[in-house]
S.K.: 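One structure follows; several queries about it will come next.
Naming: A, B, ... by sequence-line order, numbering from 1 per chain.
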Amino acid sequence: MRISLKSIGMTVKLLAIVALSAGLIMSPAMTGGVQAEVKKLKILSNNPFSGKAASWGFSQDRGVGLAVDKVNQAGGIKINGETYMWEKIQCDNRYIPADAVSCLKRGVAQGAKFMCTLGGAVTKPQIPLINKDKIVTIAAIAGGADFTNANNKYLFRTMPSADLTIAIEGIKIYKKLGVKKLVLLTADNVLGHSDAKTLKNALKVNKMSDILVAEEFVPIDTGDFTPVLTRVLAKNPDHIEGGAWPAAGLALLIKQARELGYKGTFTNLSGAPKVGPLVKIGGKKNVEGVIMLRLWPPDQLPTQAFKDYWAEYRKLYKQDPGANSWESYMAFMHLSAAVEKAQSLDPDKIVAVMRDLKIVSLLGELQLIGKDNPLLPGYGINNQYTSPLPVTVLKDGNPIIYK
Amino acid sequence: MFMQMAVTGLVLGSIYMLVASGLTLIYGIMHQVNMAHGVFFMLGAMATYYATEVIGLPYFVALFAVVLVFPIIGAAFERGIFRNIRHIWLAGYMATVGVWMLMEGLGWQVFGTEQKAVSFPITGLIRLPGGAVLPANKLWVGLIAIAIMAGVYYLVGRTALGRQLRAVEQNPRAAELMGINADRAMAKGFALGVTLAALAGGLVSTLYSVDPSCGSTPMLKAFIIIILGGLGNVTGSVIAAYILGFIDSFGGSLLGYQAGHFMGFGLVILILIFKPSGIMGDE
Amino acid sequence: MNSRLAPYLTALAVMAALALVPPLIKFIAPDKWELTAHIGIKILLNVGFGLCLWMMLQAGELSLGQGGFITIGAYTTGILVAKYNLISVVWLGYLAGALAAAVIALMLGYLIVHLKRIFFLLVTWSFAEMLHPVLTSFEHPFGGAMGIIDIPAPEGLTLFSESWTGYYYLALIYGFAVLWIVWRIAGSKVGLITKSIGQNDTLVTFCGLYVRKYKVMIFVLGCFITGIGGGILASYLTAISPETFTFFTSLDIIMFNLIGGMGTMAGPIVGAVILSGLNEYLFAAGYWRMVVYGLIIIFFITLLPGGMVSLPAALRKRFTRKTKKQEVGLG
Amino acid sequence: MSLLEIKQVVAGYGPAVALHGVSLSLEQGERVSLLGANGAGKSSIVNVVSGLLPVRSGEVWFQGERIDGWAAHRIVGLGISQVPEGRLVFPKMTVWENLELGATSLKDTVQKSQLLEQVFELFPRLAERHKQMAGTMSGGEQQMLAVGRSLMSRPKLILSDEISMGLAPLVVRDIYDTLLRINQEWGVTLLMVEQEAKLALEVADSCHLLESGRIVASGPADEMAKSELVRKVYLAED
């Protein structure tokens, strides 16, 4: 065989291509191999940091971040004599289910055994992986027994589910308001659909099914509700339930309904939108009297710890905290305490401790419920956090506790 | 309800017409599909927000400031990025995508994630016969949109600048022989399109909310419109805007939101397949 | 070295090297294997998608609807295998997904093949956008906003101790199979005809060839292969919803070609490796991801329109003499 | 000083060279035509002067100013106006708009309206149809429009390219008559490219013969008409 310059060149090229492609794929394995002195416990913040749900993602991430700092400043946690520090790693899932799965896989690969996430749509596809890899997860999700059930041992719900909000508080509020014609106008996503299911069930149980005159689902980024409002207002409702709109969506919904001459009342029981943007976008006059759950009026905070949290959050981020920030803060404190109490990193042991552990946190006593609770049908497991649930109404642009 | 749907359709149509005008113009003059249209819409809305709510200017003064500032921004983008590549259609398209992503990403960094609102100075409710209602702000935005569109018609159809722009569009080489600086004319056209987008942002955002991605949905609507109307055809896009307004209004009210959305894109595909030159095309 | 065999040998060598990556990493850094596998899978599948688009691009038209065909492949697989359990073999589910994508591509392609450039781009884009409201509106069979969950892994993947290795090899085979098919087609008579259509279709018509037939053929084939990839992705992600593959998925696939370069087949491969690798690293970056994307696009369009593969030539040119800007690939 | 002077100009399209060092000069009020076969470089000369075709080497001077390298739109302002090959009127604009565009380089509105009147007087057909879309007119009318449009910049030099192309002889004659009138009445210099050699020799004072990018013969039109070369090849006489 004659060795020509060309064939040498070819061989060199070939070797280069092989080395380059293998190197590119292996590059993540090469980075960050140095082991830290202090042992780390990693929690993955699998949240949307861009896109329409970004404000929820930041709020949740910041809540967990504050909790992580708090525990670390107190010296971390000790397990079997060794000190562990918490580390939060971020992954932007853009509120897209596939990206959330990718994020979880990345997190697992980076050694995260714990996770916080939000949104039913993005949590649902993660469940098989959470169960398989035993990732202890605190998640802000509304749907009911679809998420919290005996099969999903590692998934803890930080926010009150629709069974606690719509099915219990909601019915109370509807009765108090004397609602005769109810319209559900909610987001066309997992949350909205599960809210609808819960609402219909609750109405049935309370023999009020006939008050629901219409249900509509529209995309979460809808700007102009006029067409769909024209459709539902033709049924002359006296109450509109928004379910789980973020601030801008709810504000536009209310504003445009008022512009079309709607005189009735509004509730938004699943979501806890920020009041500032809600009032600004919707207009102070329009949003007057809107009833929401999980929102604390800044001047009526129940405990000193909560006031401190509020002040610290304001100082750091120049805005009021959102509901899922303190809910995930409390849940993380609880999780961290459980890890220390379990004296083990075995997820099974940790979750067993979590279910029975009661701690005092921002809003007083925090505990997990769900098992054998007639109000929470089908849960069968203590994986639902509870804490006092305020009912708030907007008055003159400010939230006050609804009597 | 019929009356209400018709009114909503008219209002949406006027809004869509304004939102699509800049996009039509830029395609008409430069044959460039401007994917950064939504970003300029957003920047216009943000500029209006900062001018009114932060600096405290009266709303219409803020709008006037937008009209003064955005031609410069548009011309800068044209000179900096698009001029050298505009003869390659894909490069032009992708470059506008790049500008879109860059500016929206920066927008989230600079303006933050909290949604903002600009309030329109005129409020109130107008009751129409047939049980329909029309909010005063929507009426005014619609009327201003029609006025702006009339202005665009005058500018393009009756003024020397408009003649030059059309000359460049029809034959850049012959336009050069007339003593028209084709490069500069295209920069002017692009600046005009960007200003219209920003103006639409400043006006339409008063009806909705403002955040760094608030231009995406209007841009989607604008795209449907300019395809339906025939790319670059101003009259076609005006007609298409009202068609889409009525589709959204009647479809959304009678069949539900997603149906309206689906019908819009369905119509686009049908038009593109069977009459790519649009409803007003010559073919 | 026989020059006809050389490309095969190169490909085989690279494939063998990549096949050795899992045992190697499991040996060096076992805790990094999962992440490596995840990125590797993404890259290899994207290489396949990028190559399919490149093949269509040879015929002169650019589709901005490839995300839609991934969706069709993924949903068909999901509906048949997971939601209604109509097919018990997942591999057949992939085939069904690919067939569904191909049939829809055939119908669409037949109708839109006469469109050129921006019109083709816009109509494929509209098509992909239209899928979203359809998928969210119908609980049956699409699963509405919830989408489809619990999509199983294909049979045989259990051969490996954990599924990631299995998916890695599956993606590896997919990527190289697509490479092989696209390479064979590019070298064949059909490939030559396609290429000449891309350069001047009127001339090809004068040669007595039926341009539409070839264009549709390539489009359908590209979508068929993309559909298989969609099925694999559905299994890998285990859950899909209407938002899983968006406009940005389609855009990414164009970007692979843009960044890599459209002149040669190496372009989309290089582009897919760089961009999907980068994408995985940018997950933590939030909004900066958009900024980086935007800058990358603008950089390549304005400064390096021939893509990464033209970089050596561009550098050489820069050092020798400043000449007029090249316009490789971007017709 | 000559009105227009071209010195050793080399120019071309891409790798192809169309002009290999062409020199010629025009005096004020002259009528010069360029003769030659297809691809001999006649149009290239015109395009070099009007700035559409960049010069690779050599110089172009107009009224003592060096204009090679100038952009086409600037050259119009100096008083050089082209009637381009294929007319290139703006089809989707009215006759009036086309004429207005011709006057883009003029700032004086009074002069503009005077010019418009003069053009309408020269071409009454344009006045009749000033509201019609240019694209809907006949070829002859479009050519009249193209000439009229070029007059609207009040040029000192008109470059005309293939006026007779695709038109009936009578119409062509008409248009050339008008051009000659402009030459005499307005003192406008004419540089004409004309495929039809007979016509070219008839309307011009002097004439240059081009072959593959070079001037091979020049002289007064009547002398050229008698020369062996021109008679045999271009006038097809025996």
S.K.: Decide whether A/Lys124 and C/Ser241 meet the rule of one side-chain donor and one side-chain acceptor closer than 3.5 Å.
M.R.: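 No, no side-chain donor-acceptor contact under 3.5 Å.
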S.K.: For C/Lys42, is the NZ atom crowded, meaning more than 12 foreign heavy atoms sit under 6.0 Å from it?
M.R.: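 Buried by this count: over 12 neighbours within 6.0 Å.
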S.K.: Measuring only between side-chain heavy atoms, which start at C-beta, is A/Phe49 closer than 4.5 Å to C/Arg289?
M.R.: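 A/Phe49 vs C/Arg289: side chains apart.
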S.K.: Chain A heavy atoms under 4.5 Å from C/Phe245: which part of the residue, side chain, backbone, both or neither?
M.R.: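 Looking at C/Phe245, nothing touches chain A.
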S.K.: Counting only heavy atoms not in A/Lys42, do more than 12 fall under 6.0 Å of its NZ?
M.R.: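 Enclosed: over 12 neighbouring heavy atoms sit under 6.0 Å from NZ of A/Lys42.
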S.K.: Roughly how far, to the nearest 0.5 Å, is the CD1 atom of A/Ile96 from the CZ atom of C/Phe248?
M.R.: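 Separation between the atoms: 8.5 Å.
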S.K.: Could you look at C/Thr238 and say if it's the side chain, the backbone, both or neither that has a heavy atom under 4.5 Å from chain A?
M.R.: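 C/Thr238 touches chain A through side-chain heavy atoms alone.
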S.K.: Can you give me the closest heavy-atom contact between C/Leu237 and A/Ser102, atom names plus distance?
M.R.: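 Reported closest heavy-atom pair: CD2-OG, 4.4 Å.
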